[in-house]
Participant: 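The following block contains the structure, expressed as structure tokens.
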Amino acid sequence: MAASPAKRRHKVRRRADMSLLGGIRPPIAILSALLLSLAAITALGFGRAGEDSVPKAVMTSQQRFAEDGAVAMRASIDESAADLARTAGLFNAGDPAQPDAVVDKIGSVYQKWVGTAVVEISSGKMLAARGENVPVAAIDTSKLSEKDGLSPRMVRLANNETRLLSLELLSWEGQPQQLLIASSSLRFPGISLGKFRSIAVIDSTGRILSSDGIPESEQVVTEYQRSGIERSKKQLKAFAKVAAKRAEEHPLKANVPGEGGYTGVSGSLRGDTFQGDRAVAGYAALTGPEPGKGTVATSLGLTVVAMVDVAEDPTRVTDPLFGLLAAGALLLIGALAVGVLLGTVQRPLLRLFLESRRLTRGDLTRPVRVPRHGEAARIGESLERLRRQLLGERADSDAAGAGRRGRIGARALLVVCGVLLLVWSGPMLLLVNRADATAVVPEQITNDQRERTDTLSDRVRRSLNEGHADLVSVAGLLGERTSPEDMTKVLDRTRNEHARYRSLYVRAADGTILARSGESPRLSDEPKDDATDGGKDNGKDDGGKGGGKDGRPFADDITVLNDSGTEPVIASYAELSGRDGSTVVGEFRIDFINSLLKRPGLGEIRVIDAERRVLGGNSGYLAFEDLPSARLDELAAGTGQKTGISARAGAVVYRDGGGVQVAGAAPFVGGGAAKSLNWMVVSWQPAAGLAIPEYNLQNRTVLAGLLGITAAAACLGWLHIIVVRPLREVAKQAESLAGGDRRTVLYPRHHDEVGAIARSLELLRQQVLEQRKRDGAGATTAPATVPVQAPAQAPAGRN
């Protein structure tokens with residue numbers, strides 16, 4: 001059954017409305033919605049940029065500090081377990097050794113354990129012991145053969161201190177098995193606390209196993225100080241309970257996305273206030289160096305908590321008036337821009353659409369209402385000319401009025417709207433709320449930069465000392481009767497257990513390599529003549545050629561073999577007993593040292609030598625180059641000066657044309673073979689990358705400007721591509737059609753208002769052609785009818 005005419009008209013009208021969804025209305029409507037949303041974000045967001053009395057940068061810094069402590073604790077526990085296992089393996093590979101010799105050797109090489117002991121497993125008899133009494137009674141020797149029977153375990157002593165016991169077996173053929181036990185405290189190795197900071201390690205239940213930084217009550221004099229100590233202990237216990245609970249979460253759920261750098265659970269906590277100071281803390285669970293890879297330390301379920309009191313400044317909040325004013329300005333400018341688009345682009349185009357539809361329906365009585373300017377005026381004039389042509393006028397009769405065009409086109413109007421929006425977005429992006437001149441870097445940020453750099457410097461120094469201690473341990477087990485094959489096995493085992501070495505080799509006094517593991521040695525095979533330099537060779541001026549006094553490869557225990565090239569060659573040695581000057585030499589991988597420097601929140605980090613030349617870093621650098629700026633060089637030179645017994649770490653905030661920068665420097669302080677290097681760690685980072693209120697406000701201002709420019713570019717570009725460009729083409733075609741071009745067929749580009757006008761012009765072109773055909777047919781039949789009518793009229797006239 002055929003549909004009624006009313007229904008057919010309804011379907012046609014609905015189809016026409018649906019075609020207009022992609023026309024001029026959507027980009028203008030979306031631009032209005034985006035500008036309204038941006039105004040709301042501006043009004044509400046700017047007042048919250050600095051509402052916290054403790055900046056987020058300070059909270060994040062405490063989290064990073066706790067992560068540093070967790071990394072140092074994990075590395076220390078794993079290193080101790082590896083050293084004990086390797087030492088026991090070396091003893092097991094040699095001839096049977098006396099228990100006293102075992103513990104004496106361990107004590108002379110490593111000073112990391114507070115107590116060591118050797119116990120006969122079958123009888124439980126104590127065979128040898130050194131240092132603090134080892135709680136042997138806490139070890140059930142009957143369960144050592146079970147799974148994880150030799151795993152490290154924590155034991156709580158009678159004085160409430162906790163000891164970590166590491167176990168290894170000593171086995172020789174024909175002798176009873178012995179158990180080597182090493183006891184260590186859960187103290188943090190080389191963590192620089194500074195002033196007013198405390199740090200603790202807790203177990204999975206939140207119990208504090210060890211702490212540092214809070215003095216005992218008997219160490220202070222006044223009652224006020226005692227109350228402060230009690231308050232700090234109470235607050236630390238509260239932090240420990242919360243941190244232990246949060247440490248059970250999954251790292252992907254606990255850490256904020258985008259704040260990576262630590263593979264485990266970490267975060268920050270806010271505590272109570274006390275006389276204007278608020279207690280804040282960071283926590284970090286011990287985790288492996290790689291995601292999903294556990295170690296000996298991670299199996300213990302430990303968490304590090306670092307607490308410090310920070311002075312609050314409740315007045316440092318952002319004034320919300322700026323956000324309100326900026327939002328109001330955007331509303332005014334946006335309303336003006338949208339009004340221009342509605343009044344000069346959308347309304348004339350919709351009017352032309354209706355006029356063209358009217359003409360195609362045959363309504364030619366009324367003149368076309370021609371817009372005032374632009375492509376719309378050109379199309380309107382062309383429609384008016386076509387209307388008159390349909391009424392019978394010739395195409396050339398109205399050619400005199402065809403040249404009237406608006407000077408300002410739709411493209412120029414879009415540029416005007418873009419400039420209007422740029423008036424608001426440009427200053428927000430480039431000029432308003434610049435923080436470099438007004439930013440106040442919290443003192444705690446500067447302190448943390450100094451302390452964390454000092455901790456990192458101590459970690460590098462300890463790693464080099466550990467490497468030298470490994471060589472001493474290996475040298476003590478290579479006797480004069482050890483064959484080169486056995487030497488190679490020991491060197492291979494040591495290099496596989498420790499990733500710090502690129503090459504390990506045994507070098508004779510005459511430079512001959514007796515055994516080697518890893519890459520080729522960088523040290524020359526020929527020793528340097530001691531008569532030329534008095535045996536004081538530092539290994540830096542000969543390109544790695546030569547040795548030191550008495551056949552030693554170089555003068556110091558650890559040194560840099562070269563002073564130029566693509567990477568520094570850092571080597572250490574230990575002498576072999578009974579080998580007439582033979583030594584074990586280990587060359588360190590520079591990548592290993594660089595890996596120690598990859599700590600988030602410290603910016604750029606460099607390791608420099610005594611001459612302030614770069615040896616390593618956490619990002620791109622050139623070996624043996626100078627520091628990137630003179631002020632960093634001055635900081636390193638000043639920090640290297642001794643203050644009292646030794647040099648101290650320092651930090652400073654720089655302000656210049658390049659912005660605000662926080663820098664820290666820390667020299668090697670402490671004993672060991674690495675002390676003679678006189679190296680230093682320097683770190684620096686721009687304050688703009690910190691979550692400081694002034695920079696938060698600047699970042700939000702820049703974001704608002706970017707959003708404004710993006711909204712304007714997207715919507716105005718949309719208008720230009722979808723509407724303006726086709727409109728200019730239609731205007732050109734309409735003028736050609738009105739000027740007499742009847743052959744060019746007009747095709748719409750899009751199913752929108754401009755496409756509808758193009759379809760109407762095509763219909764008008766067809767109507768003009770049909771009219772011309774009718775006019776032509778009338779002109780050819782007129783001469784034949786006149787002679788027929790004339791004779792009929794003549795007789796009547798005579799009558």
Side-chain angles (χ1 to χ4, degrees), residues 16 19-31 337-360 368-387 389 395 398-399 401-422 712-766 768:
S19 66
L20 297 182
L21 291 178
I24 194 172
R25 295 184 180 94
I28 297 179
I30 291 177
L31 178 62
V338 172
V340 170
L341 293 176
L342 291 176
T344 61
V345 180
Q346 176 176 307
R347 188 174 300 170
L349 184 59
L350 295 178
R351 185 177 299 170
L352 284 178
F353 165 69
L354 296 177
E355 291 290 341
S356 64
R357 290 282 299 273
R358 177 173 66 85
L359 296 183
T360 57
V368 175
R369 292 184 296 175
V370 181
R372 297 181 180 180
H373 51 73
E375 293 80 5
R378 294 165 57 188
I379 297 174
E381 291 175 357
S382 300
L383 289 175
E384 175 61 20
R385 293 170 61 189
L386 291 172
R387 185 188 71 84
Q389 292 174 21
D398 55 353
R404 183 181 140 228
R405 300 177 183 177
R407 294 182 178 179
I408 303 178
R411 187 163 55 185
L413 294 173
L414 292 186
V415 172
V416 171
C417 295
V419 171
L420 285 175
L421 297 177
L422 191 61
C715 295
L716 296 181
W718 183 4
L719 269 175
H720 181 264
I721 295 173
I722 300 299
V723 177
V724 174
R725 287 174 59 181
L727 183 64
R728 290 170 62 86
E729 185 66 24
V730 169
K732 183 178 179 180
Q733 293 174 346
E735 289 178 338
S736 298
L737 176 61
D741 182 6
R742 304 293 187 260
R743 296 183 178 180
T744 303
V745 179
L746 283 74
Y747 296 99
R749 287 190 180 183
H750 307 288
H751 295 286
D752 55 7
E753 296 88 352
V754 179
I757 294 174
R759 287 193 299 271
S760 298
L761 288 173
E762 173 62 19
L763 293 176
L764 292 176
R765 183 186 72 85
Q766 297 175 8
V768 172

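Heads up: numbering here begins at 1 and tracks the sequence.
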Participant: Looking at Arg358, I'd like to know if its CZ atom is crowded, meaning that more than 12 non-hydrogen atoms belonging to other residues, nucleotides or ligands lie closer than 6.0 Å.
Facilitator: yes
Participant: Specify the closest pair of heavy atoms between Gly739 and Arg385, including all atoms of both residues, with the distance to one decimal.
Facilitator: CA-NH2, 3.4 Å
Participant: Nearest 0.5 Å please: distance from the CD1 atom of Ile722 over to the CD1 atom of Ile24.
Facilitator: 11.5 Å
Participant: According to side chain to side chain contact (heavy atoms under 4.5 Å, CB included), who are the partners of Ile30, at least two apart in sequence or on a separate chain?
Facilitator: Leu34, Cys715, Trp718
Participant: Would you please name every residue forming a side-chain hydrogen bond (donor to acceptor under 3.5 Å, both in side chains) with Gln346, sequence neighbours left out?
Facilitator: none
Participant: Using every non-hydrogen atom in the two residues, find where Ala758 and Pro748 come nearest and quote the distance to one decimal.
Facilitator: CB-CA, 4.1 Å
Participant: I need the Leu349 CG to Leu354 CG distance, nearest 0.5 Å.
Facilitator: 10.0 Å
Participant: Working to the nearest 0.5 Å, report the span between NE2 of His720 and CG of Leu727.
Facilitator: 10.5 Å
Participant: For Arg742 and Val768, run side-chain contact (heavy atoms from CB on, under 4.5 Å): C-alpha distance rounded to whole Å, both residues' side-chain angles, the deciding distance at 0.1 Å, then the answer.
Facilitator: CA-CA 8 Å; Arg742 304 293 187 260; Val768 172; 3.0 Å; yes
Participant: Under the salt bridge (charged side-chain N to carboxylate O under 4.0 Å, His left out) test, which residues partner Arg369, sequence neighbours left out?
Facilitator: Glu355
Participant: To the nearest 0.5 Å, how far apart are CZ in Arg765 and CZ in Arg743?
Facilitator: 11.0 Å
Participant: Not counting sequence neighbours, which residues clear side-chain hydrogen bond (donor to acceptor under 3.5 Å, both in side chains) with Glu729? List them please.
Facilitator: none
Participant: Looking only at heavy atoms, what is the nearest atom pair of Pro27 and Leu719, with distance?
Facilitator: CG-CD2, 3.5 Å
Participant: When rounded to the nearest 0.5 angstrom, what distance separates CD1 in Ile379 from CZ in Phe353?
Facilitator: 13.0 Å
Participant: So which atom in Leu352 and which in Pro371 form the shortest heavy-atom distance, rounded to 0.1 Å?
Facilitator: CD2-CD, 4.0 Å
Participant: Apply side-chain contact (heavy atoms from CB on, under 4.5 Å) to residues Thr744 and Leu737 and explain how you reach the verdict.
Facilitator: CA-CA 8 Å; Thr744 303; Leu737 176 61; over 6 Å; no
Participant: May I ask you to test the Leu31-Leu421 pair for a side-chain heavy-atom distance under 4.5 Å?
Facilitator: yes
Participant: Quick one: pull up OG in Ser356 and CD in Glu753 and give me the separation to the nearest 0.5 Å.
Facilitator: 10.5 Å
Participant: Could I get the full list of side chain to side chain contact (heavy atoms under 4.5 Å, CB included) partners for Leu422, not counting sequence neighbours?
Facilitator: Ile709
Participant: Enumerate the residue pairs fulfilling salt bridge (charged side-chain N to carboxylate O under 4.0 Å, His left out) with a member in residues 712-728, sequence neighbours excluded, ordered by first and then second residue.
Facilitator: Glu375-Arg728
Participant: Would you confirm whether Arg759, through its side chain, and Tyr747, through its main-chain N or O, come within 3.5 Å as a donor-acceptor pair?
Facilitator: no
Participant: Given Leu746, which partner from the list Ile757, Val730, Leu761 fulfils the side-chain contact (heavy atoms from CB on, under 4.5 Å) test?
Facilitator: Leu761
Participant: Assess the residue pair Ser760 and Leu359 against the criterion (side-chain contact (heavy atoms from CB on, under 4.5 Å)); give the C-alpha distance rounded to whole Å, side-chain angles, the decisive distance to 0.1 Å, and a yes or no.
Facilitator: CA-CA 8 Å; Ser760 298; Leu359 296 183; over 6 Å; no
Participant: Among all residues two or more places apart in sequence or in another chain, which pass the side-chain hydrogen bond (donor to acceptor under 3.5 Å, both in side chains) test with Ser736?
Facilitator: none
Participant: Picking from Val419, Val723, Leu341, what satisfies side-chain contact (heavy atoms from CB on, under 4.5 Å) with Leu414?
Facilitator: Leu341
Participant: Does Ala738 offer a backbone N or O that forms a donor-acceptor pair with the side chain of Gln389 under 3.5 Å?
Facilitator: yes
Participant: What are the two closest heavy atoms between Pro348 and Ala376, and how far apart are they?
Facilitator: CB-CB, 3.9 Å
Participant: If every non-hydrogen atom of Glu384 is compared with every non-hydrogen atom of Val368, which pair is closest and at what distance?
Facilitator: OE1-N, 2.7 Å
Participant: Could you go through Leu383 and Leu764, starting from their C-alpha distance and side-chain angles, then the distance that decides it, and tell me whether this counts as side-chain contact (heavy atoms from CB on, under 4.5 Å)?
Facilitator: CA-CA 9 Å; Leu383 289 175; Leu764 292 176; 3.7 Å; yes
Participant: With sequence neighbours left out, what residues match Thr344 under side-chain hydrogen bond (donor to acceptor under 3.5 Å, both in side chains)?
Facilitator: none
